[in-house]
Amino acid sequence: MSKFAKRMTTMEKSAAVIRNLFGNMNDPEIISFGGGAPAIEALPIDIVREITNEVMRIDERGVEALQYGGVMGLPDLREVIINDLLAPKGVKGSIDNVLITNGGLEPINLVCQLYIEPDDVILVESPTFVHAVEIFEMFQAKCISVDMDDNGIITEDLEAKIIKYKPKIVYLVPTFQNPTGRTLSLDRREKIAELGSKYDVIILEDDPYRDIRYSGSDLPPIKAFDETGHTILANSFSKIFSPGSRLGYILANDELTAKLFDSKTATNSHTSTLSQVVCAEFFKRGYYPAHHKKICDLYRERRDVMIECIDKFFPEGTKRTFPDGGLFTWAELPGGINTTELLVESTTNPEVKVSYIAGESFFIEGGGMGNNCMRISFGGVNPEKIIIGAEKLGNLICSKLA
Ligand SMILES: Cc1ncc(COP(=O)(O)O)c(C=O)c1O
């Protein structure tokens, strides 16, 4: 057999973490607070059927949907992004600067293609999104973590590490972060855009949860403060429309867009035109505002139930975040409980059968960082099951402290 490329070794650890994370997601007996998939009630199935019925005709958009398409993506979907999704958030841009991608992971991959040589440094939040780390490791980058607090990444630590490590990229999820649900404050957003310009570093702003805000006040993306083109905004339609349609996008300046165009061409030519047509029509026919309200109401209720249950059933001394949007909360347990070990019991004990994601998977340092933490996803579980699952999990945790 030929020797595998070195990149397969560097990504081995994070790839294994991801395989383990989602291993038990489909066990019907388990109440899963593990995955990050949208609620099934949040998938616009009937609307998509209606749109597809109408547009899949030869005299409508049938040919466009099934034929090869342009590298950048369909112009009307890019217009939707500029006018409906970015302009209201204070981000200016032209459709010429929007590239449609295969979901929200492809932007990360394409940006790495542009910049990353083996051993280049990428700064990431601590904790961070594991899947992004897997991509960074595939490019043989060296990830270094930056401290966070309740207001997101700490900009003093970030600046110090930019000076020390001279990274190519700073990667962050500023809004309702995966895994913690935390949101970066306004002043830090402004500061991070400035740091990108000052030190000539790419700020990769990955913001797929931003549009699912159900409490608190909206904040502009970091990109809204970018005056030099150092910030690249990546987003996904997975949480607001459908993950199965595999749609996402990147907004970048002219120079970077030209390079991204070349990387996208070499990677897969373009994103599914079928998905793009359906998604563009979903927005253009005016379905989004009501759908958006529906999913925000649904997730708000689930967040409220989950937070109430954690406060009620988890032991005293538990710390948890209160997300104003998105799908996750993050809990830090008292008393030295190891959440990786606890997960084995919580998923196999027939009296419990509840899963979550153990905190240490999200820390690149290893060495037990985050081993008393858990990511709890409430988005995909209905309120009745949240109550049952959180009570069982809480009781199990309490039993360890007794
Ligand atoms: C922070 C973050 N970025 C990117 C993605 C990937 O999005 P997609 O599922 O559209 O590829 C996710 C998905 O969960 C995510 O949490």
Side-chain angles (χ1 to χ4, degrees), residues 36 89-91 104 107-108 121-133 136 143-163 165 167 169-199 201-226 230-236 239 299 303 307 319-332 357 359 361-365 369-370 373-377:
K89 309 282 169 189
V91 180
I108 302 172
V121 170
I122 299 179
L123 296 182
V124 301
E125 295 158 310
S126 180
T128 186
F129 173 49
V130 219
H131 226 129
V133 173
F136 299 148
C143 293
I144 291 178
S145 67
V146 180
D147 294 339
M148 287 180 97
D149 63 18
D150 284 344
N151 291 319
I153 203 164
I154 298 172
T155 42
E156 289 75 17
D157 192 41
L158 176 61
E159 183 163 12
K161 285 178 176 155
I162 290 176
I163 293 168
Y165 295 107
I169 296 174
V170 173
Y171 168 77
L172 72 171
V173 182
T175 321
F176 319 135
Q177 195 230 16
N178 185 358
T180 63
R182 289 175 183 142
T183 291
L184 188 71
S185 62
L186 181 64
D187 55 327
R188 290 187 184 178
R189 287 168 186 250
E190 207 169 342
K191 178 76 184 169
I192 289 170
E194 269 171 41
L195 291 177
S197 309
K198 182 171 170 191
Y199 294 104
V201 182
I202 291 298
I203 308 294
L204 178 52
E205 176 178 29
D206 183 15
D207 218 6
Y209 301 97
R210 181 196 62 215
D211 294 309
I212 314 176
R213 174 180 281 281
Y214 35 75
S215 59
S217 342
D218 215 357
L219 289 169
I222 300 170
K223 183 69 184 158
F225 299 105
D226 174 30
H230 285 84
T231 301
I232 299 178
L233 176 61
N235 212 323
S236 164
K239 316 295 173 178
Y299 292 132
R303 186 260 333 251
I307 294 295
K319 290 188 197 146
R320 48 101 186 129
T321 57
F322 181 85
D324 278 319
L327 309 177
F328 315 113
T329 181
W330 177 257
E332 216 179 303
I357 300 198
S361 342
F362 300 99
F363 289 85
I364 55 169
E365 295 86 350
M369 279 279 279
C373 300
M374 50 173 70
R375 188 190 82 174
I376 301 176
S377 177

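Keep in mind the model is a prediction, meaning the values are calculated, not measured. Note that these values count all heavy atoms, side chains included, but never hydrogens, waters or copies made by symmetry.
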Please verify the inter-ring angle class for F328 with Y209; under 30° counts as parallel, over 60° as perpendicular, anything in between as tilted.
perpendicular
With a 4.0 Å cut-off, would you call D149 and R188 a salt bridge?
yes
One should read off an interatomic distance between L123 CG and L158 CG, to the nearest 0.5 angstrom, of 6.5 Å
So, for C143 and I364, which heavy atoms are closest and what is the spacing to 0.1 Å?
O-CD1, 3.3 Å
May I ask you to test the I222-L172 pair for a side-chain heavy-atom distance under 4.5 Å?
yes
Pairwise distance CZ(F176) to CZ(R213) - rounded to 0.5 angstrom
3.5 Å
Would you call K161 and D157 a salt bridge, taking side-chain N to carboxylate O under 4.0 Å as the test?
yes
Nearest 0.5 Å please: distance from the CG atom of L184 over to the CG atom of N151.
8.0 Å
Test side-chain hydrogen bond (donor to acceptor under 3.5 Å, both in side chains) applied to T175 and D324, D207, T183, the passing residue:
D207
Would you check if K89 and K223 make a side-chain contact, meaning some heavy-atom pair closer than 4.5 Å?
no
Less than 4.0 Å between a side-chain N and a carboxylate O, is that true for E125 and R182?
no
Check ion pair K239-D211 (N to O, under 4.0 angstrom):
no
Just jot down the side-chain hydrogen bond (donor to acceptor under 3.5 Å, both in side chains) partners of S236, sequence neighbours excluded, or say none.
S238
Rounded to the nearest 0.5 Å, what separates atom CG in D187 from atom CG in L219?
10.0 Å
Of all heavy-atom pairs between P167 and V201, which one has the smallest distance, and what is that distance?
O-CG1, 3.8 Å
Within the structure provided, determine whether T180 and F362 are in side-chain contact (heavy-atom separation under 4.5 Å).
no
Between F225 and K191, is there a side-chain heavy-atom distance shorter than 4.5 Å?
no
Validation row: L233, R210 side chains within 4.5 angstrom (heavy atoms):
yes
For S377 against G36, the heavy-atom pair lying closest together
OG-CA, 4.3 Å
May I ask you to check whether R189 and T231 show a side-chain donor-acceptor distance below 3.5 Å?
no
If you round to the nearest 0.5 Å, how far is CZ of F363 from OG of S361?
9.5 Å
Could you verify whether a donor N or O on one side chain and an acceptor N or O on the other, from T321 and T329, lie under 3.5 Å apart?
yes
For P220 against L186, the heavy-atom pair lying closest together
CD-CD1, 3.6 Å
For Y214 and G326, indicate whether the former's side chain and the latter's backbone hold a donor-acceptor pair under 3.5 Å.
yes
Counting C-beta onward and ignoring hydrogens, is there a side-chain heavy-atom pair between P127 and W330 closer than 4.5 Å?
yes
Could you pull out the closest heavy-atom pair between D206 and I108, with the gap in Å?
OD2-CD1, 3.8 Å
Side chains of V130 and I357: closer than 4.5 Å at any heavy-atom pair?
no
Who pairs with R303 by side-chain hydrogen bond (donor to acceptor under 3.5 Å, both in side chains), at least two apart in sequence or on another chain?
S215
So how far is it from H230 NE2 to I169 CD1, rounded to the nearest 0.5 Å?
12.5 Å
